[in-house]
Amino acid sequence: MKNYLIDTHAHIDMLIDSQTSLKDVLADMNSFGVKKAIIPAVEVCTQDKVVELSNSNENIYGMVGLFPSEVKTFTEEFEKKMETIAKENKKIVAVGEIGLDYYWDKSFVDLQQDIFRKQIRLANRLNLPIVVHDREAHKDCFDIIKEEKPQNGVLFHCFSGSVEFMKECVKEGWYIALGGVVTFKNAVKMKDVAREVPLDKLVLETDSPYLTPTPYRGKPNKPAYVHYVAEEISKIREMSLEELTNVTTENAERFFKI
């Protein structure tokens, strides 16, 4: 029995400031029964901070990767840096968050797709899974992943697709991460996904400091609040919180090998 939660996607580096320390974040996590958290990388300048934080505590892990909106900063030198970081730090457990985002700016879609492919290939060289950011780009994400054939697992972070798209993803063996949106009253689609996703392909996240769940919506999110995600999904699925906690924690530990 695990009896603890894992936040599979928390931008802890964005939470640390003059008022909040990693110690504070960990204390909050402990009070909500959250033992482990994984920090995604999004920019060239944040990779080192992710490594520093993941190496500072046994229950914090990290990823290397470049967010879709940042792909104009991608260089061969940066790719080599990510590869070196991952090889030299055992606490780096995935390449992410990488993918496609057509919501804000579609003017460089081709570049997004090219860098997405390169980062999937990097993950394959590193024998690491990928964590995918997919916003209004479901078909292209799906097709590129199928073509590039990640060898060590695929996780759709902050899943935003339909039940039908979710089923296509899990048919491929890919994992689905759900976060605070599932607690929103009007999030009917995400509640349907939470109800229908196979339990062995479900993990939990916060995407903190974003997408804060009810009852703290409107305030900065914290890894501790993954508790509310678990609580809501357990109600939706009509199962005990303890059972959902154990299953999703086992899934996360299996996927990330932590």
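These values consider heavy atoms only, across backbone and side chains, with no hydrogens, waters or symmetry-generated copies. From a predicted model like this one, the values you see are computed outputs, not experimental measurements. All residue numbers refer to positions in the sequence shown, counting from 1.
Following chains of ILVMFWY side-chain contacts shorter than 4.5 Å, one can reach F184 starting from V197, so the two form part of one hydrophobic cluster. Side-chain heavy atoms closer than 4.5 Å link hydrophobic residues (I, L, V, M, F, W, Y) into clusters, and following such links, even through other members, never connects L241 to L204. I120 and L155 are not part of a single hydrophobic cluster, where members link through side-chain heavy atoms under 4.5 Å apart. Cluster annotation: I38 and L15 are assigned to distinct hydrophobic clusters (Ile/Leu/Val/Met/Phe/Trp/Tyr, side-chain heavy-atom contacts under 4.5 Å, transitive). Transitive grouping of hydrophobic side chains (ILVMFWY, heavy atoms separated by less than 4.5 Å) brings M14 and L66 into a common cluster.
The pair E52-K49 counts as a salt bridge, with a side-chain nitrogen and a carboxylate oxygen less than 4.0 angstrom apart. Looking at E79 and R125, a side-chain N of the basic residue comes within less than 4.0 Å of a carboxylate O on the acidic one, giving a salt bridge.
Looking only at distances, no side-chain donor or acceptor of K191 sits under 3.5 Å from a matching main-chain atom of E232. When atom types are taken as modelled, the side chain of D101 and the backbone of D134 share no donor-acceptor pair closer than 3.5 angstrom. Without hydrogens or angle criteria, S162 side chain to F165 main chain gives a donor-acceptor distance under 3.5 Å. No donor-acceptor distance shorter than 3.5 angstrom exists from the side chain of T20 to the backbone of D17, with no hydrogens or angles considered. A donor-acceptor pair under 3.5 Å is formed between the side chain of Q47 and the backbone N or O of E43. For K91 (side chain) and S54 (main-chain N/O), a donor-acceptor pair under 3.5 Å exists by modelled atom type. For the pair D114 (side chain) and D110 (backbone), a donor-acceptor distance under 3.5 Å is absent.
Atom OG of S234 and atom CD of E242 lie 11.5 Å apart (nearest 0.5 Å). Here the CG-CD1 distance, from L22 to I39, works out to 7.5 Å after rounding to the nearest 0.5 Å. Taking CD1 from I115 and OG1 from T73, the interatomic distance works out to 9.0 Å, rounded to the nearest 0.5 Å. Rounding to the nearest 0.5 Å gives a distance of 11.0 Å between CD1 of I145 and CG of D140. Note that CZ of R117 and CD1 of I144 are 4.5 Å apart. Values are rounded to the nearest 0.5 Å. Note: L244 CG to L5 CG = 8.0 Å, rounded to the nearest 0.5 Å.
The closest side-chain heavy-atom distance from L199 to R237 is below 4.5 Å. You'll find the side chain of C141 reaches within 4.5 Å of the side chain of L100, heavy atoms only. Using a 4.5 Å heavy-atom threshold, the side chains of D207 and N221 count as separate. E148 is listed as a side-chain neighbour of R121, based on a closest heavy-atom distance under 4.5 Å. Looking at heavy atoms from C-beta onward, T75 lies out of side-chain contact with V44 at the 4.5 angstrom threshold. N59 is not listed as a side-chain neighbour of Y4, based on a closest heavy-atom distance of 4.5 Å or more. Side-chain contact between M63 and V50 is absent, with no heavy-atom pair separated by less than 4.5 Å. Side-chain contact between I6 and V203 is absent, with no heavy-atom pair separated by less than 4.5 Å.
For the salt bridge (Lys or Arg N to Asp or Glu O under 4.0 Å) test, residues two or more places apart in sequence or in another chain that qualify with K146 are E172. With sequence neighbours excluded, the residues that form a side-chain hydrogen bond (donor to acceptor under 3.5 Å, both in side chains) with K171 are E168. For F256, there are no ring-ring contact (aromatic ring centres under 6.0 Å, His included) partners two or more places apart in sequence or in a different chain. For the salt bridge (Lys or Arg N to Asp or Glu O under 4.0 Å) test, residues two or more places apart in sequence or in another chain that qualify with D28 are K222. Residues passing the salt bridge (Lys or Arg N to Asp or Glu O under 4.0 Å) test with D192, sequence neighbours excluded: R195.
Residue W104 shares its hydrophobic cluster (ILVMFWY side chains chained together at separations under 4.5 Å) with Y103.
Checking T206 against D7 by side-chain atom types alone, a donor-acceptor pair falls below 3.5 Å. N251 and R254 share a donor-acceptor pair across their side chains, judged by distance under 3.5 Å alone. A side-chain donor from one of N89 and N55 sits under 3.5 Å from a side-chain acceptor of the other. H133 and E97 share a side-chain donor-acceptor pair at under 3.5 Å. With hydrogens and angles left out, the side-chain atoms of S21 and D24 include a donor and acceptor closer than 3.5 Å.
With F255 as the partner, the ring pair (Phe, Tyr, Trp, His ring centres under 6.0 Å) test is satisfied by one option alone out of Y175, Y61, F156: Y175. Evaluated for a salt bridge (charged side-chain N to carboxylate O under 4.0 Å, His left out) with K36, the options E253, E58, E205 yield exactly one hit, E253.
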Test side-chain contact (heavy atoms from CB on, under 4.5 Å) on C169 and I176 and set out the steps. CA-CA 8 Å; C169 291; I176 304 297; 4.2 Å; yes
I'd like to know whether V163 forms a side-chain contact (heavy atoms from CB on, under 4.5 Å) with M166, so could you lay out the CA-CA distance, the side-chain angles of the two residues, the decisive distance to 0.1 Å, and finally the verdict. CA-CA 5 Å; V163 169; M166 174 273 291; 4.2 Å; yes
Decide side-chain contact (heavy atoms from CB on, under 4.5 Å) for M239 and I233; before the verdict, give the C-alpha distance in whole Å, the side-chain angles of both, and the deciding distance to 0.1 Å. CA-CA 9 Å; M239 61 190 295; I233 295 175; over 6 Å; no
Residue pair V93, K257: steps toward the side-chain contact (heavy atoms from CB on, under 4.5 Å) verdict: CA-CA 7 Å; V93 295; K257 297 181 172 62; over 6 Å; no
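V25 and P223 make their closest contact through CG1-CG, 3.9 Å (heavy atoms, listed as atom of the first residue, atom of the second, distance).
Because its NZ or CZ atom is not both nearer than 6.0 Å to the ring centre of F74 and within 45° of the ring axis, K118 does not count as a cation-pi partner of that residue.
In Q19, the CD atom is not crowded: 12 or fewer heavy atoms of neighbouring residues, nucleotides or ligands sit closer than 6.0 Å. Other residues, nucleotides and ligands contribute more than 12 heavy atoms inside 6.0 Å of the CZ atom of F108.
Not less than 6.0 angstrom separates the ring centroid of F159 from the ring centroid of W174.
Ring geometry, H157 versus H9: the interplanar angle falls under 30°, so the pair is classed parallel (tilted spans 30 to 60°).
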